[in-house]
Amino acid sequence: MTTTRRPEEREESAAQNFIRAIISEDLEKGRHTKVVTRFPPEPNGYLHIGHAKAICTNFGLAREFGGVCHLRMDDTNPTTEDVEYVENIQRDVRWLGFDWGDKLFYASDYFERLYAFAVELIKKGKAYVDSLNEAEIREYRGTVNEPGKPSPYRDRSIEENLDLFERMRKGEFAEGAHVVRMKGDLASPNMKMRDWPMYRIKRAHHYRTGDTWCIYPLYDFAHSLSDAIEGITHSICTLEFDNNRALYDWFVENVDVPARPRQYEFARLNLTYTVMSKRKLLELVKGNLVRGWDDPRMPTLAGMRRRGITPDSLRAFCEEIGVAKTNSTVEVEKFESCIRADLDRRAGRVMAVLRPIKLVLENYPEGKVEEFEAPLFPDEPGKGGSRKIPFSREVYIERDDFTLDPPDKWFRLAPGREVRLRYAYIVTCKDVVRDPATGEVTEIRCTYDPETREGAAQAGKKVKGTLHWVSAAHALRAEVRLYDRLFRDERPDLVEEGQDWKAGLNPDSLVTIQGAAVEPSLAAAEGGQHFQFERQGFFFVDPIDAKPGAPVFNRTVSLKDSWAKIAERKQEASPAGKKADEAKPAVKTSPEERLGKLTPEARAIAEALESRGLGREDAIVLAEDADLRAFYDQAVAAHPGPKTVASLVVNELARKLDGKKPSALPFNGAALGELASLIDDRTITPTIAKEVLAEMLTSGEAPRAIVERKGMRQVSDASALEPIVDKVLAESPNEVKRYKEGNTKLLGFFVGKVMKASSGKANAERVNELLLKKLG
Ligand code: ATP
Ligand code: MG
């Protein structure tokens, strides 16, 4: 499938967004006239930055296409949900800058309708009450390699099912005694289609429906049908749900509903140094490992708001990372960089000394006070106004800005050295005062040069260092909370078996300073204001703990931007040479070992690919090779069949590349996607696909054109296949005899022969069916 984007959309966002392309096309082709999306949080915790990504995507797309986005509480699990969460979710979505108008819904409001839908399915013979227990259901479901077995209750009569379901509702049975399952396909390769449960008994009080119900609908059933009830057009969720899509479609197709929504999946947001699951965040809160859901170290929107991160920077970040189809972990530094960019515009510059040491100017008259007019945005004349800073004989400077023993390139203060005090004078260190007991420096003695007042005509003299300071007599004492990453490791959720992920908490994630000396203008600071403390970072007046005259500042983010460096390193690491060696290990190691040797980032990529259904080996090869992966992504974007594409890229194409980059090929990823689509829609067999690929490599011709030109279409027609099957059976009388005696493993032998006789063009499934029929 190729889609075109209108030029104005391309301008709007540099980030690639395949969902935007789908919606555009749906509108252009008249499949929908109005876009309706939804954000469906479960009210069992606070929203986090991952949800912000989903909110921006859903509300953003609705806004962009002139549609609406519903806010729906996905509250079908009574045990964990609460009205506190409902309220905070609404607050957070609003804070992020989005509005659902009058479209606030609750899945629990649909309980009666959902019940009726289940009855409808039972009446159609498409759902049944099962009385196996959970473990038995799992066992009967089979494995990826073996089909499931029917439950002994699968063929209950419609009347019996209806009766049991009604009695489930009335509360006649214990939890677990019965479940309602859809009647799917027990041999389906997709486990979700093997009679997935849709209703269960749960004796729990629901925060909205109270004790009205003792049966509750399960996710796939409730979610798809709630979407249909609300007339959602594009139901956007994260990649883990791609297996659920078949089930989603099954429900909306088999129940008489007013609309036909479709599900699309995008990559969930993961951040380094961050855990994102609500379950884990709840554990941190419950265990008092943080100070509640709004602790500024939490990745929750409430925590971020309190830390001073703005909704603008969150939205900018979500836009920048875009909507992708492969999971990856984004460096938290990238997010921090967005925060800085935003705060840089809005935070006035002030001076605050976090760990003060006194500096005395011996030649400055005692009792004299000068006032300097200092702009809040010194680099942008005219913006934000200015404030007055008092200067006197005694000032505080940062303890860290002084050393007795300066290393090379020390431009700050040390005995005999000169520095400038910001907005004021150049001072020279003459002496220090020490604590007689400990020897620790307690005071720095300096002289100042009255000719060097900043901005004065004679200020000519240059020094390398400029320090921030606060007049000791005028300093306002403040509490400053220095927040750092909550976890020490880049991937805090990847812990060895048996280890507790909470052991990875950073013990220094919060350092509280009680007696910081801040400039007196900050006495007027109000909760919710942003400042840049010069040379240190962006700070936010804590909206809860700050009192008039006794401010509390949260460090939102330090000034040091490490993202640029990381981005540079990533660039350097990508040239082909080194990587090619790593991708082809000389000694064959097991996939588990190889997985263990990946960098945390590559490992995350491999795991994400696996979760999309790729085999581990294929996932590892792609995780290790960014160029190959880019090619794979391109192919999957053209044809969303990750398994088939991966198999072609890793098993066929990588070998042919022989060290060359995919960009050297005479075709692009989309062409390979087209080839995969021909396999998946059974136009050609995988064997023929290899031939087509060989042709593509030499001519660069499009796969479909090759197939048509060379007549390579798969043969599915029984009348064409039958003669070949007959011939093969006639040629192997002994095998036929042994098969009929019970050696059914020989089926594969016959299939192989037929495939060969048809030059690989026979549809293997049809051949199987034919053989089974003929062999009895
Ligand atoms: P968690 O896994 O953190 O507990 P969840 O998926 O169970 O989250 P929901 O309240 O069900 O939480 O999520 C609401 C919506 O937010 C869903 O559509 C879900 O796909 C989306 N979402 C959740 N986490 C992320 C994430 N990390 N990135 C993008 N979207 C997310
Ligand atoms: Mg969920």
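Both ligands and their constituent atoms are indexed starting at 1 by order of listing.
Under a 4.0 Å criterion applied to the non-hydrogen atoms of Met276, ligand 1 contributes the atoms 3 (O). Less than 4.0 angstrom separates some heavy atom of Ser277 from each of these atoms of ligand 1: 3 (O). The Thr238 neighbourhood of ligand 1 comprises atoms 20 (O), 29 (C), 30 (N), 31 (C), with distances under 4.0 Å to a heavy atom of that residue. Here is the list of ligand 1 atoms found below 4.0 Å of a heavy atom in Ala54: 16 (O), 21 (C), 30 (N).
Between Phe241 and Tyr219, a ring centre-to-centre spacing shorter than 6.0 Å is recorded.
Heavy-atom separations between His48 and ligand 1 include at least one value shorter than 4.0 Å. Residue-ligand proximity: Phe241 is placed with every non-hydrogen atom at 4.0 Å or more from ligand 1.
Taking any N or O of Leu269, backbone or side chain, at least one lies under 3.5 Å from an N or O belonging to ligand 1. Between Asn44 and ligand 1, no N or O atom pair is found at a separation short of 3.5 Å. Residue contacts with ligand 1: Ala267 is placed with no nitrogen or oxygen under 3.5 Å of a nitrogen or oxygen of the ligand (distance criterion only). Distances between N or O atoms of His51 and those of ligand 1 include at least one value under 3.5 Å.
In this structure, of Cys318, Gly50, Pro41, the residue bringing a heavy atom nearest to atom 30 (N) of ligand 1 is Gly50.
The side-chain heavy atoms of Tyr199 and His178, taken from C-beta on, include no pair separated by under 4.5 Å.
Residues passing the ring-ring contact (aromatic ring centres under 6.0 Å, His included) test with Tyr106: none are found, sequence neighbours excluded. Residues satisfying the side chain to side chain contact (heavy atoms under 4.5 Å, CB included) criterion with Thr300, sequence neighbours excluded, are Tyr46, Leu281, Trp293, Met298, Ala302.
No side-chain N or O of Glu120 forms a donor-acceptor pair with one of Tyr115 less than 3.5 Å apart.
At least one cation-pi condition fails for Arg181 and Trp196: the charged atom is not both under 6.0 angstrom from the six-membered ring centre and inside a 45 degree cone around its axis.
Taking OG1 from Thr272 and CG from Asp489, the interatomic distance works out to 11.0 Å, rounded to the nearest 0.5 Å.
For the pair Leu271 and Thr329, the tightest heavy-atom approach, listed with the atom from each and the gap, is C-CG2, 3.7 Å.
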